[in-house]
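Okay, so here's the structure we're looking at.
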Amino acid sequence: MLSRTGNGLRILTPTLILRHHSFSARSVSNTPIGTKMDNKRKRVYITRPDVASVGIELLKSDWTQALPVPREELLNQVVGKDAIFCALTDKIDAEVIECAGPQLKCIATISVGYEHIDLKECKKRGIRVGYTPDVLTDATAELTVALLLATSRRLLEANKEVYNGGWKSWAPNWMCGRGLKGARVGLLGFGRIGQEIAARLVPFKPSLLTYTTRTERAAEAAKVNAKYVSFDEMLCESDFIIACCALTPETKEIFNAAAFAKMKSNAIFVNTARGGNVDQPALYAALKEKRILAAGLDVTTPEPLPLDEPLLKLNNVVILPHIGSADVNTRTEMSRITALNILAGLNGKEMVSEVTL
């Protein structure tokens with residue numbers, strides 16, 4: 001479908017063509033999309049339309065299929081585009097970048113993670129990459145605490161008993177879980193999200209907050225009275241262990257059979273970082289054999305999990321569908337920033353948040 005609009009935009013499905021803009025990326029939200037700078041049209045490919053509408057409106061896409069784009073469609077649609085608006089579900093590798101062509105100027109992802117983008121290829125070709133850090137910190141920290149509590153206090157398991165007839169009467173030992181008061185909590189990763197998680201845990205009165213990172217962050221840790229420890233000490237001594245680290249070659253499957261073997265038998269493991277941080281079969285074995293007490297996961301491998309995934313058959317695991325940043329205001333701001341990053345990249349201006357290549 002091809003149509004012309006009164007603001008100088010030409011809309012294609014699912015592709016956007018828009019004119020270049022002369023304004024700063026930090027003020028673009030107050031400027032009409034149709035602002036004319038020159039006669040050159042810029043083409044932006046948005047891989048999925050179910051991002052918050054503010055970003056879509058900024059870029060004027062009218063694609064309506066709210067699903068990850070199939071690989072073949074992605075390769076076809078990026079041809080000739082000046083920019084790509086993508087998500088974690090889209091693998092933007094050398095093949096995609098080559099298909100797009102030499103005019104591709106920027107790629108912006110509606111996520112804080114960017115491991116799905118081939119940064120080496122982008123650097124080689126001079127393609128700028130935008131992302132959305134900071135904005136989802138609070139939402140992810142809130143979800144992490146909620147998931148920890150749902151897992152430790154067995155909320156989903158108890159809820160099912162209300163509906164399946166398992167709730168017969170009050171009983172002193174029925175559905176008892178673990179509390180945070182007096183517990184030792186360890187965090188792998190102490191960046192923005194890790195620090196906010198720790199701050200939210202303080203009112204629950206844990207006996208000790210510990211963290212493990214490549215480099216000690218004494219000033220930030222002092223704000224929540226957290227202690228820097230080795231990874232092994234965190235594994236051996238923590239009652240709750242939270243993965244809130246980036247996925248890197250060093251952290252890939254860092255939670256493996258050896259790691260779970262070092263944990264306490266009543267330890268609870270929570271992962272709101274990346275599914276790739278965990279050796280999932282090893283986690284299943286640890287949970288099934290009761291080598292650890294329970295796990296709460298917002299991220300898995302793959303996503304979504306197939307319905308025959310063994311983890312889904314266990315009662316001592318709570319699994320969420322990667323909703324760490326699924327707060328309405330947060331997702332709206334992520335969409336807006338992604339669009340602003342694209343507009344800045346097309347205009348040669350400073351992005352709101354740009355990956356250093």
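Note: hydrogens, waters and symmetry copies are ignored here, and every other heavy atom, side chains too, is used.
Between R71 and D90 there is no salt bridge, since no side-chain nitrogen of the basic residue lies less than 4.0 Å from a carboxylate oxygen of the acidic one. A salt bridge is defined here as a Lys NZ or Arg NE, NH1 or NH2 lying under 4.0 Å from an Asp or Glu carboxylate O, and R192 with E220 fails to meet this definition. Using a cut-off of 4.0 Å between Lys/Arg side-chain N and Asp/Glu carboxylate O, E115 and R274 are scored as salt-bridged. A salt bridge is absent between E237 and K262; no separation between the charged side-chain nitrogens and carboxylate oxygens falls under 4.0 Å. A salt bridge links D82 and K105; the closest N-O separation between the charged side-chain nitrogens and carboxylate oxygens is under 4.0 Å.
Linking ILVMFWY side-chain heavy atoms closer than 4.5 Å, directly or via other members, places I84 and V79 in two distinct hydrophobic clusters.
In this structure the side chain of E333 never reaches within 4.5 angstrom of the side chain of L136, judged on heavy atoms. Side-chain contact check for M234 versus K227: every heavy-atom pair is 4.5 Å or farther apart. Looking at heavy atoms from C-beta onward, R178 lies in side-chain contact with I268 at the 4.5 angstrom threshold. Side-chain atoms of M175 and N159, non-hydrogen and from C-beta on, never get closer than 4.5 Å to each other. Two residues are said to be in side-chain contact when any heavy atoms from C-beta on lie closer than 4.5 Å; I254 and F231 meet this criterion. Side-chain atoms of V202 and N225, non-hydrogen and from C-beta on, never get closer than 4.5 Å to each other.
Under the 30°/60° scheme for interplanar angles, the aromatic rings of F255 and F269 are found to be tilted.
With rounding to the nearest 0.5 angstrom, the CG atom of L180 is 5.5 Å from the OG atom of S152.
For the residue pair T251/T248, the side-chain donor-acceptor check at 3.5 Å is satisfied. A side-chain donor-acceptor contact under 3.5 Å links S111 and T109. Checking S325 against R331 by side-chain atom types alone, a donor-acceptor pair falls below 3.5 Å.
If you run side-chain contact (heavy atoms from CB on, under 4.5 Å) between H322 and each of V299, T272, L297, only V299 comes through.
A donor-acceptor pair under 3.5 Å links the side-chain atoms of N341 to the main chain of S353, judged by distance alone.
Residue K313 qualifies as enclosed at atom NZ: its count of foreign heavy atoms under 6.0 Å is above 12.
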